[in-house]
Amino acid sequence: MADIAHHAPAFDAGVFFPRPASFEWTSATVDTATAPLLARSAARSQAWDPEWEAVFGPPRLTEAERQALGLLLRPRQLAVGELVFRRGQAASQLVAVLDGAVGLGVAGEGQAFHLERNIHGPAWLDISSAWVGGGHVQDARVLLNATVLELPLEGLRQLLGRFPDLRERMMRALAQAVQNLTGATHDLMAKDAQKRLATWLLSQRSDACGGDVALKERKRELAAQLAITPETLSRLLRGLMSAGLIEVKGYSIKLLNLGALQTLAHD
């Protein structure tokens with residue numbers, strides 16, 4: 001960030017994700033009851049990769065679930081700038097980001113891209129459009145080299161009838177997506193930019209980083225999430241640093257006063 005570079009030289013440069021580990025494909029078999037339902041997918045799919053587990057979250061999938069999903073999931077390796085899907089494009093599959101980052105927004109004329117929010121893997125990118133039966137409502141463009149997983153809805157429907165726990169898992173994922181969007185909408189309508197930034201900082205705390213915030217986004221990506229300009233973000237960060245609430249150090253933000261940040265976020 002240019003105007004606070006002396007505090008955080010690495011922040012403006014962005015954070016580069018490590019290269020994905022080489023996939024070690026493992027063979028899998030499917031029980032006779034599931035195989036006929038997935039024959040078409042099996043012909044063009046890979047075996048289950050252990051790294052895919054992160055997209056589905058805890059608890060661990062059963063071996064039968066992994067085998068069945070392995071016949072459906074389609075991995076795609078995409079480079080920076082590539083489109084994952086277009087706004088209005090027919091949605092026949094659920095889409096997740098395994099690693100890297102994908103931005104959601106609107107691609108204008110001349111390929112200009114207005115970023116609205118970004119998704120870092122592992123996470124669902126679009127878990128709802130296929131169920132509605134329409135098209136994707138946003139354009140999705142790769143921000144950092146990414147592995148994208150596609151899960152065809154037609155095949156997933158058949159698995160949900162066979163695996164009740166998987167059905168419950170997918171319902172929770174849909175509910176979480178709705179809750180996240182509801183919270184984001186509330187913040188935009190009820191909180192000013194400073195409160196939104198404080199809320200974001202508190203929500204991003206990581207035990208792995210000692211309770212501080214590991215920066216994954218470039219300045220423009222974080223600003224887009226908060227619905228502010230990069231210049232406004234710079235000003236707000238300077239204000240929080242001047243007030244002694246945060247300290248930007250390399251690729252992390254140290255939260256110096258949690259109580260004050262919580263008061264700022266909720267007042």
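A distance-only check finds no donor-acceptor pair linking the side chain of Arg220 to the backbone of Pro230 [under 3.5 Å]. The main-chain N or O of Ala107 is found under 3.5 Å from a side-chain atom of Asp139 such that the two form a donor-acceptor pair. Glu247 contributes no side-chain N or O that, together with a main-chain N or O of Leu255, makes up a donor-acceptor pair within less than 3.5 Å. Without hydrogens or angle criteria, Gln67 side chain to Ala64 main chain gives no donor-acceptor distance under 3.5 Å. A donor-acceptor pair under 3.5 Å is formed between the side chain of Arg196 and the backbone N or O of Leu226. Formation of a donor-acceptor pair under 3.5 Å by the Thr199 side chain with backbone atoms of Lys195 is found in this model.
Residue pairs meeting the salt bridge (Lys or Arg N to Asp or Glu O under 4.0 Å) criterion with at least one partner in residues 142-153, sequence neighbours excluded, are Arg76-Glu150.
Of all heavy-atom pairs spanning Leu233 and Lys219, the tightest one is CD2-O, 3.6 Å. Minimum heavy-atom separation, Arg205 to Val213: N-CG2, 4.2 Å. The two residues Phe163 and Ala68 come nearest to each other via the heavy atoms CE1-CB, 3.9 Å. In terms of heavy-atom proximity, Gln138 sits nearest to Phe85 at O-CE1, 3.3 Å. The two residues Val102 and Val148 have their closest heavy-atom pair at CG2-CG2, 4.5 Å.
A donor and an acceptor atom, one from each side chain of Glu154 and Gln158, are nowhere located under 3.5 Å apart. For the residue pair Asp99 / Thr147, a side-chain donor-acceptor distance below 3.5 Å is found, with atom types taken as modelled.
To the nearest 0.5 Å, atom CG of residue Leu240 and atom CG of residue Leu264 are 6.5 Å apart.
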Sequence neighbours excluded and cut-off under 3.5 Å, please list the side-chain donor-acceptor pairs for residues 87-95, or say none.
| from | atom 1 | to | atom 2 | distance (Å) |
| --- | --- | --- | --- | --- |
| Gln89 | OE1 | Arg86 | N | 3.0 |
| Gln93 | OE1 | Arg74 | NH1 | 3.4 |

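The hydrophobic cluster containing Leu144 does not contain Val142, counting ILVMFWY residues as joined when their side-chain heavy atoms lie under 4.5 angstrom apart, directly or transitively.
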Can Leu202 and Leu258 be said to form a side-chain contact (heavy atoms from CB on, under 4.5 Å), step by step? CA-CA 8 Å; Leu202 292 168; Leu258 288 177; 3.9 Å; yes
